[in-house]
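Residue numbers run from 1 in the order of the sequence given. Computation of the quantities below employed the complete heavy-atom set of this structure, encompassing side-chain atoms and omitting hydrogens, waters and symmetry-equivalent molecules. Each ligand, and each atom within it, is numbered from 1 in the order the structure gives.
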Amino acid sequence: MITEFITVTSAGQALHGAREDSAFLAGGTEILRLGSSVSRARMIDLKGLGLDTISVENQSVTIGAMVTFQQALEHDAVPGYLKEALRFCASRTRRNMATIGGNIALVRDDSYLLPTLVAAKARLVLADLATDGSYVEENIPIREYHSFRDHFSGSLILGIILNKPQRFVASSRFSRTAQSPAAITVSFGADISSGEPHDVRICAAIKGSGVVRLLQVEQSVASGHYRNADDAVALAGADILFADDSTGSAGYKRYLLGTAVADLFRCCLAAMGKGESV
Ligand SMILES: Cc1cc2nc3c(=O)[nH]c(=O)nc-3n(C[C@H](O)[C@H](O)[C@H](O)COP(=O)(O)OP(=O)(O)OC[C@H]3O[C@@H](n4cnc5c(N)ncnc54)[C@H](O)[C@@H]3O)c2cc1C
C-alpha cells in the first residue's frame with residue numbers, strides 16, 4: 001500500500017529521497033495497476049523534474065525519461081524503428097501515460113522497448129549518488145544497464161540518447177492479440193554503412209525467460225558465417241531455456257524466435273540491397 005507521496009524538483013532530491021521501500025513514480029501504469037509487480041510504500045513523483053522533452057543535436061536524439069509513448073510517437077525526430085516498438089503498446093490510453101524511462105527500468109520479459117533500444121545501441125543518461133552522497137550523472141550503453149541490472153537498480157534514468165542515425169534496426173512482436181502479453185519481442189540492429197552488417201545487436205524479450213542478447217548469432221552474422229538468412233534459425237535460442245505458459249509452449253517460442261531472427265536478418269540484407277543471400 002502506498003503511504004507516502006513525495007514531490008521533488010531535482011534529480012538529486014529524488015535520489016536523496018529514495019529508500020528501500022520507495023519507487024520512482026513515472027506514468028504509474030505498472031506501479032498503480034492491480035497486481036502490480038512493484039509494491040512499495042513510498043512514491044517519489046518524477047513529474048517535477050522536467051524530463052519530458054525531446055531534443056535533437058547533430059543527428060543525435062535525446063528523449064527524456066518522462067516522455068510518454070504517445071508523445072514520442074508524435075515527434076518528428078524519433079526514428080521510425082522506435083515508433084514501431086512504441087506501437088507494440090496497442091492501448092492509446094496507456095501510451096498516453098506510460099513513459100520510456102518506466103519501460104526501461106522494468107526490464108519486463110515482454111518488454112515493449114528494451115529489445116529495440118539494445119539493437120539500436122541506445123545510450124542511457126543515469127543519475128546516482130556516489131558513496132560520499134554527492135550527485136553524479138553518467139552516460140552508459142543500454143546493454144551495460146541490462147547486463148548489470150543489480151548495479152543500476154537504484155539509478156534514476158534521466159533520458160536515452162539515439163546517436164546512430166544510419167543504423168538498421170527492425171523489431172517483431174508475437175502475441176495472441178495486440179493487447180495480450182507477448183511470447184516473443186525481438187529486435188535486430190546492425191551498422192550497414194559498409195555494405196556488410198557490422199556491430200550487430202540482436203536482443204529478445206522472451207516470456208518466462210527474460211530479456212536476452214543472442215550473442216552467438218550476432219557474432220555469426222557479423223563474421224559473415226551464414227550463407228543465407230535461414231542459417232540463423234538453428235543458433236537463435238540454442239542456449240535459452242524456454243518456458244511453457246499462457247503465451248505459448250517452449251517449443252513454439254523457440255520456433256518463433258528462430259524464424260523471427262531469420263526474417264529480420266532478411267530485412268537487413270534487403271536494406272543493403274542484397275536480397276536473400278549474404
Ligand atoms: C494492462 C497492462 C499491460 C501491460 N503490458 C505491458 C507489456 O506487454 N510490455 C511492457 O513492457 N509493459 C507492459 N505494461 C507495463 C507498463 O505499461 C509499461 O512498461 C510502461 O512503459 C511503464 O512506464 P510507467 O511510466 O507507467 O512506469 P511506472 O509504473 O511509473 O514505474 C514502473 C517502474 O519503473 C521505475 N521507474 C519509472 N521511471 C523511472 C526512471 N526515470 N528511472 C528509474 N526508474 C524508473 C519505477 O520506480 C517502477 O519500478 C503493462 C501495463 C498494464 C497496465
Please list, in number order, the atoms of ligand 1 under 4.0 Å from a heavy atom of [X].
| X | answer |
| --- | --- |
| S111 | 11 (O) |
| A26 | 25 (O), 30 (O), 37 (C), 38 (N) |
| R33 | 52 (C), 53 (C) |
| S155 | 43 (C) |
| A23 | 47 (O) |

- Looking at ligand 1, does R173 have a heavy atom less than 4.0 Å from it?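 For ligand 1, residue contact (heavy atoms, under 4.0 Å) with R173 is present.
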Please state which protein non-hydrogen atom is closest to [atom] and give its distance, to 0.1 Å?
| atom | value |
| --- | --- |
| atom 47 (O) of ligand 1 | F24 O, 2.7 Å |
| atom 4 (C) of ligand 1 | R94 NH1, 3.3 Å |
| atom 18 (C) of ligand 1 | N103 ND2, 3.6 Å |
| atom 45 (C) of ligand 1 | A105 CB, 3.6 Å |
| atom 17 (O) of ligand 1 | T29 OG1, 2.7 Å |
| atom 42 (N) of ligand 1 | I157 N, 2.8 Å |
| atom 49 (O) of ligand 1 | V38 CG2, 3.6 Å |
| atom 39 (C) of ligand 1 | L46 CD1, 3.9 Å |

Closer than 4.0 angstrom, basic N to acidic O: yes or no for [X] and [Y]?
| X | Y | value |
| --- | --- | --- |
| D230 | R266 | yes |
| D109 | K207 | yes |
| R33 | E30 | yes |
| D191 | K121 | no |

- After noting the C-alpha distance and the side-chain angles of K253 and D244, does the key distance pass the salt bridge (Lys or Arg N to Asp or Glu O under 4.0 Å) rule? CA-CA 9 Å; K253 288 180 197 169; D244 295 328; over 6 Å; no
- Would you say F88 and T185 make side-chain contact, with heavy atoms under 4.5 Å?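 The answer is yes; the side chains approach within 4.5 Å.
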- Item | Min side-chain heavy-atom separation L49-V8 under 4.5 Å |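 They are in side-chain contact.
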- Query: Do R149 and S147 meet the criterion of a side-chain donor-acceptor pair at a distance under 3.5 Å?
  - Reply: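 Distance-only check fails for R149 and S147.
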- Query: How would you list all residue pairs meeting ring pair (Phe, Tyr, Trp, His ring centres under 6.0 Å) that involve residues 165-207, not counting sequence neighbours?
  - Reply: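 Listed once each, the pairs are F188-F265.
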- Task: Taking all non-hydrogen atoms of both residues into account, name the closest pair between N163 and R123 and its distance.
- Result: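 For N163 versus R123, the nearest heavy atoms are ND2-CD, 4.0 Å.
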- Where do L214 and A236 come nearest, in terms of heavy atoms and distance?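 Shortest heavy-atom contact: CD1-CB, 4.1 Å.
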- Just let me know how M66 lines up against ligand 1, side chain, backbone, both or neither, with a heavy-atom cut-off below 4.0 Å.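 Within the 4.0 Å criterion, M66 makes no contact with ligand 1.
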- Task: Select one of side chain, backbone, both or neither to describe which atoms of F69 lie under 4.0 Å from any atom of ligand 1, heavy atoms only.
- Result: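 F69 to ligand 1: side-chain contact only, backbone stays beyond 4.0 Å.
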Has ligand 1 got any nitrogen or oxygen that is less than 3.5 angstrom from a nitrogen or oxygen of [X]?
| X | value |
| --- | --- |
| A65 | no |
| A98 | no |
| P181 | no |
| G28 | yes |

- Quick one: list whatever passes side-chain contact (heavy atoms from CB on, under 4.5 Å) with R143, sequence neighbours left out.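 For R143 the side-chain contact (heavy atoms from CB on, under 4.5 Å) partners, ignoring immediate neighbours, are P141, R201, R213.
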- Message: I'd like the name of whichever of I44, V67, D110 reaches closest to atom 9 (N) of ligand 1 through any heavy atom.
- Response: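 Checking each option, the heavy atom nearest atom 9 (N) of ligand 1 is found in D110.
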- What do the steps show when you test E20 against R40 for salt bridge (Lys or Arg N to Asp or Glu O under 4.0 Å), and what is the final call? CA-CA 9 Å; E20 281 215 341; R40 305 282 165 84; over 6 Å; no
